[in-house]
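These notes concern the structure reproduced below.
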Amino acid sequence: MTDCIFCKIARGEIPSKKVYEDEDIFAFHDINPHAPVHFMIIPKQHVASLDEADMSHQSVLGKIMAKSGELARSQGLNDGFRMIVNTGRIGRQEVYHLHVHILGGPEPLGPMVTRR
Ligand code: 5GP
Ligand code: ZN
């Protein structure tokens, strides 16, 4: 998936404000933040969405979850944060390379979703 924008970011071909990188995952700030702190964690391996994930992705998805608190604290989120994974059309996913949003700031965030 060489055309994928997040694959290119993970390979360093498109610049980003990097938070963390290891052999499996890459974390970088969102270009259009929805909160005072807003970054994303992605698997380096291309996976289109959580809907496409299966048990072969167990290890990398577990790593993303297990690393999230440490990475959030590294960005100043010392009192909690929100993790969001927009998935598919209903989840209004825009970029089809699986990514976990980490959002937070000094004040509590808004409601989980807008009720309607
Ligand atoms: P989604 O709606 O798919 O869950 O979120 C995609 C996110 O990727 C959006 O919040 C958008 O601002 C962010 N984004 C899109 N293109 C780029 C980019 O080139 N660089 C960075 N850092 N973020 C991007
Ligand atoms: Zn990709």
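Remember, it's 1-based here, ligands and their atoms both numbered in the order they're listed.
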Would you mind listing each N/O atom of ligand 1 next to any protein N/O under 3.5 Å, plus the distance?
residue: ligand 1; atom: 2 (O); partner: Glu94; partner atom: N; Å: 3.4
residue: ligand 1; atom: 3 (O); partner: Glu94; partner atom: N; Å: 2.6
residue: ligand 1; atom: 3 (O); partner: Val95; partner atom: N; Å: 2.9
residue: ligand 1; atom: 3 (O); partner: His99; partner atom: NE2; Å: 3.0
residue: ligand 1; atom: 4 (O); partner: Asn86; partner atom: ND2; Å: 2.9
residue: ligand 1; atom: 4 (O); partner: His99; partner atom: NE2; Å: 2.8
residue: ligand 1; atom: 4 (O); partner: His101; partner atom: NE2; Å: 2.8
residue: ligand 1; atom: 5 (O); partner: His99; partner atom: NE2; Å: 3.1
residue: ligand 1; atom: 5 (O); partner: His101; partner atom: NE2; Å: 3.3
residue: ligand 1; atom: 10 (O); partner: Asp30; partner atom: OD1; Å: 3.2
residue: ligand 1; atom: 10 (O); partner: Asp30; partner atom: OD2; Å: 2.5
residue: ligand 1; atom: 12 (O); partner: Asp30; partner atom: OD1; Å: 2.5
residue: ligand 1; atom: 22 (N); partner: His29; partner atom: O; Å: 2.9
residue: ligand 1; atom: 22 (N); partner: Ile31; partner atom: N; Å: 3.4
residue: ligand 1; atom: 23 (N); partner: Ile31; partner atom: N; Å: 3.3

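Computed with the Zn ion (ligand 2) at the centre, the Cys4 SG to Cys7 SG angle is 120°, stated to 10 degrees.
For the side chain to side chain contact (heavy atoms under 4.5 Å, CB included) criterion with Val85, the lone passing option out of Ile64, Val100, Leu61, Ile41 is Val100.
The atom of His97 that is an N, O or S and sits closest to the Zn ion (ligand 2) is ND1. Closest approach between the Zn ion (ligand 2) and any N/O/S atom of His46 involves ND1.
Sorted by first then second residue, the salt bridge (Lys or Arg N to Asp or Glu O under 4.0 Å) pairs that include residues 33-48, not counting sequence neighbours, are Glu21-Lys44.
Asp22 and Lys63 are joined by a salt bridge, as a carboxylate oxygen and a charged side-chain nitrogen come within less than 4.0 angstrom of each other. The residues Lys67 and Glu70 are annotated as salt-bridged, a charged nitrogen and a carboxylate oxygen being separated by less than 4.0 angstrom.
In this structure, a donor-acceptor pair under 3.5 Å is absent between the side chains of Ser49 and Asp51.
Between the side chain of His38 and the main chain of Ile31, no donor-acceptor pair closer than 3.5 Å is present. Formation of a donor-acceptor pair under 3.5 Å by the Glu52 side chain with backbone atoms of Tyr96 is not found in this model.
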